Engineer: 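Before I ask anything, here is the structure I am working with.
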Number of protein chains: 2
Amino acid sequence: MPKQPSKPPTTPQDINLDVLEGTLSFYIRTINIAVSRDLDTCLEGLDVAKGTGKITTLLLVDSYPGIRPSVIAHLTMRDRSAMGRLIEQMVAHDLIRREVSSEDSRAQELYITEAGAALAVKIRELVPKQSRDFFSFIPDDEQQQLMDILRRAYRRIVETT
Amino acid sequence: MPKQPSKPPTTPQDINLDVLEGTLSFYIRTINIAVSRDLDTCLEGLDVAKGTGKITTLLLVDSYPGIRPSVIAHLTMRDRSAMGRLIEQMVAHDLIRREVSSEDSRAQELYITEAGAALAVKIRELVPKQSRDFFSFIPDDEQQQLMDILRRAYRRIVETT
DNA sequence: TTCATTTAGTGGACTTTTGCAACTGGTTTC
DNA sequence: GAAACCAGTTGCAAAAGTCCACTAAATGAA
């Protein structure tokens with residue numbers, strides 16, 4: 001177990017992160033903090049900020065009218081109760097509308113409102129732009145590689161959960 | 001703006017995620033949720049769970065005796081106040097020790113305790129293992145690619161923040 | 001048909017985080 | 001020595017996620 005130089009570093013630059021250097025989860029977790037923060041400031045005031053759920057929900061409801069909360073919950077990795085609260089919020093903000101399904105009266109169907117659809121248009125532009133800008137220092141081909149791998153990872157995780 | 005099939009999907013499998021499919025931040029954010037959750041359950045009861053900070057802090061203090069809170073705060077992307085609370089916690093759990101720096105009496109120096117060192121040993125094994133296991137469905141070479149890119153991204157973000 | 005099981009969504013309480021801003025010394029610069 | 005700056009602390013408030021129990025509806029098996 002090789003120890004690092006024992007001088008207390010005051011500059012963050014040349015610090016070795018120990019085993020975390022080779023730990024994928026570490027990078028995902030820390031980079032997540034940074035992107036999420038940046039995204040929040042990009043979307044400031046837009047009714048849809050903070051937390052992974054709102055954006056995905058808005059786009060899904062817009063793309064799939066009648067989609068059910070539990071489906072979105074699954075895709076965004078939250079539990080039903082958290083999803084419920086999120087929907088509540090978005091209904092209150094008049095972004096989506098909620099109906100009881102005619103086929104299964106336990107379930108609900110979600111529909112976009114005008115305001116929601118308008119917001120979705122903005123989101124479709126802003127969100128990918130933010131991501132591109134934020135990661136712009138990564139060459140395009142690498143960004144593509146990254147995305148290919150992560151997309152499969154995401155799919156895999158969703159399937160097995 | 002091509003719309004999706006308008007039948008409300010009840011199965012998550014074949015849903016198209018719209019622009020998010022091509023948005024790196026989306027994958028980072030969602031995968032983050034999944035890894036973090038998994039990591040938490042792996043570390044359950046270990047005094048160091050929940051939140052990105054504790055593990056990094058423990059390893060850094062162990063590797064760099066005398067390191068300062070603000071340096072760790074920077075590397076873990078939190079602000080000083082959050083860092084302070086985290087250190088408080090870890091001191092209370094007797095994982096690290098806190099002294100006023102002799103060179104700069106505003107600053108503190110952090111040192112590992114015996115319990116902390118013991119935990120660090122466990123952590124060094126468990127954390128990378130969890131990451132490897134969690135992402136085991138990604139082929140090794142791709143995992144390596146991923147890490148190479150993300151490492152540079154992380155470095156870059158830390159430097160420019 | 002009836003009864004047990006599973007599923008969809010709700011509600012409550014709780015823990016934990018985090019973000020912001022103001023505030024206390026201590027240090028540096030000019 | 002005064003102004004600007006930096007390290008860390010504290011308090012507050014907002015928010016997010018988790019756990020668990022509960023209702024109501026659907027399913028399916030005896």
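First the proteins, then the strands, lettered A, B, ... as listed; each starts at 1. It should be emphasised that the depicted structure is a prediction, and the values quoted were computed from it without experimental measurement. Just so you know, these numbers use all the heavy atoms, side chains as well, and skip hydrogens, waters and symmetry mates.
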Engineer: Expressed in angstrom and rounded to an integer, what is the separation of B:Met83 atom CE from D:dT9 atom P?
Structural biologist: 10 Å
Engineer: Ignoring hydrogens and geometry beyond distance, is the side chain of B:Arg80 in donor-acceptor contact with the base of D:dT10 at under 3.5 Å?
Structural biologist: no
Engineer: To the nearest angstrom, how far is B:Ile67 atom CD1 from D:dG8 atom P?
Structural biologist: 11 Å
Engineer: What's the closest nucleotide to the side chain of B:Arg68 if the choices are D:dG8, D:dC12, D:dC19?
Structural biologist: D:dG8
Engineer: Mark yes when over 12 heavy atoms from residues, nucleotides or ligands other than B:Asp141 sit less than 6.0 Å from its CG; otherwise mark no.
Structural biologist: yes
Engineer: Let me spell it out: for each of A:Thr52 and A:Ser102, pick the nucleotide of DNA chain D with the closest heavy atom. Which residue's pick is nearer the 5' end?
Structural biologist: A:Thr52
Engineer: Quick check for you: name the first and last nucleotides of DNA chain C, 5' to 3', having an atom under 4.0 Å from a heavy atom of chain B.
Structural biologist: C:dT17 to C:dT27
Engineer: Would the number of heavy atoms belonging to other residues, nucleotides or ligands and lying under 6.0 Å from CD of B:Glu125 be above 12?
Structural biologist: no
Engineer: How many whole angstroms separate atom CG of B:Asp40 from atom P of D:dA16?
Structural biologist: 18 Å
Engineer: To the nearest Å, how far apart are A:Ile33 CD1 and D:dA16 P?
Structural biologist: 16 Å
Engineer: Which comes earlier along DNA chain C counting from the 5' end, the contact point of A:Asp104 or that of B:Asp104, where each point is its nearest nucleotide?
Structural biologist: A:Asp104
Engineer: Select base, sugar-phosphate, or nothing to describe what B:Ala82 touches, counting heavy atoms under 4.0 Å on all strands.
Structural biologist: nothing
Engineer: Reckon B:Gln108 has a side-chain N or O less than 4.0 Å from the OP1 or OP2 of D:dT9?
Structural biologist: yes
Engineer: Please tell me if B:Ser70 has a side-chain N or O lying less than 4.0 Å from either OP1 or OP2 of D:dG8.
Structural biologist: yes
Engineer: To the nearest Å, how far apart are B:Leu110 CG and D:dA7 P?
Structural biologist: 14 Å
Engineer: Decide, yes or no, whether a salt bridge links A:Asp148 with A:Arg151 under the criterion of side-chain N to carboxylate O below 4.0 Å.
Structural biologist: yes
Engineer: With side-chain contact (heavy atoms from CB on, under 4.5 Å) as the test, would you mind laying out the steps for A:Leu110 and A:Met90 before giving the verdict?
Structural biologist: CA-CA 11 Å; A:Leu110 302 176; A:Met90 296 181 67; over 6 Å; no
Engineer: Once you round it to whole Å, what is the distance between C1' of D:dA15 and CE of A:Met90?
Structural biologist: 17 Å
Engineer: What contact category does B:Arg78 fall into here, base, sugar-phosphate, or nothing, at under 4.0 angstrom with non-hydrogen atoms?
Structural biologist: sugar-phosphate
Engineer: When A:Val35 is tested against each of B:Asn32, B:Leu24, B:Ile28 for side chain to side chain contact (heavy atoms under 4.5 Å, CB included), which residue passes?
Structural biologist: B:Ile28
Engineer: One thing to verify: whether B:Arg155 and A:Glu21 come together as a salt bridge, which I'm taking to mean a side-chain N less than 4.0 angstrom from a carboxylate O.
Structural biologist: yes
Engineer: Measure CG/B:Leu39 against P/D:dT18 and give the value in whole Å, please.
Structural biologist: 14 Å
Engineer: Going through the distances and angles, do B:Asp94 and B:Thr113 end up as a side-chain contact (heavy atoms from CB on, under 4.5 Å)?
Structural biologist: CA-CA 7 Å; B:Asp94 188 39; B:Thr113 63; 3.6 Å; yes
Engineer: Quick one, A:Leu17 with B:Tyr154, criterion side-chain contact (heavy atoms from CB on, under 4.5 Å). Give me CA distance, side-chain angles, the key distance, then yes/no.
Structural biologist: CA-CA 11 Å; A:Leu17 288 168; B:Tyr154 168 75; 3.5 Å; yes
Engineer: Name the residue closer to the 5' end of DNA chain D, choosing between B:Glu88 and A:Asp79 according to the nucleotide with the nearest heavy atom.
Structural biologist: B:Glu88
Engineer: Whole-Å distance between D:dT9 P and B:Gln89 CD?
Structural biologist: 14 Å
Engineer: From the options D:dT9, D:dA16, D:dA24, select the nucleotide whose nearest atom is closest to the side chain of A:Arg106.
Structural biologist: D:dA24
Engineer: Assign A:Ser105 to base, sugar-phosphate, or nothing according to its heavy-atom contacts below 4.0 angstrom with the strands shown.
Structural biologist: sugar-phosphate
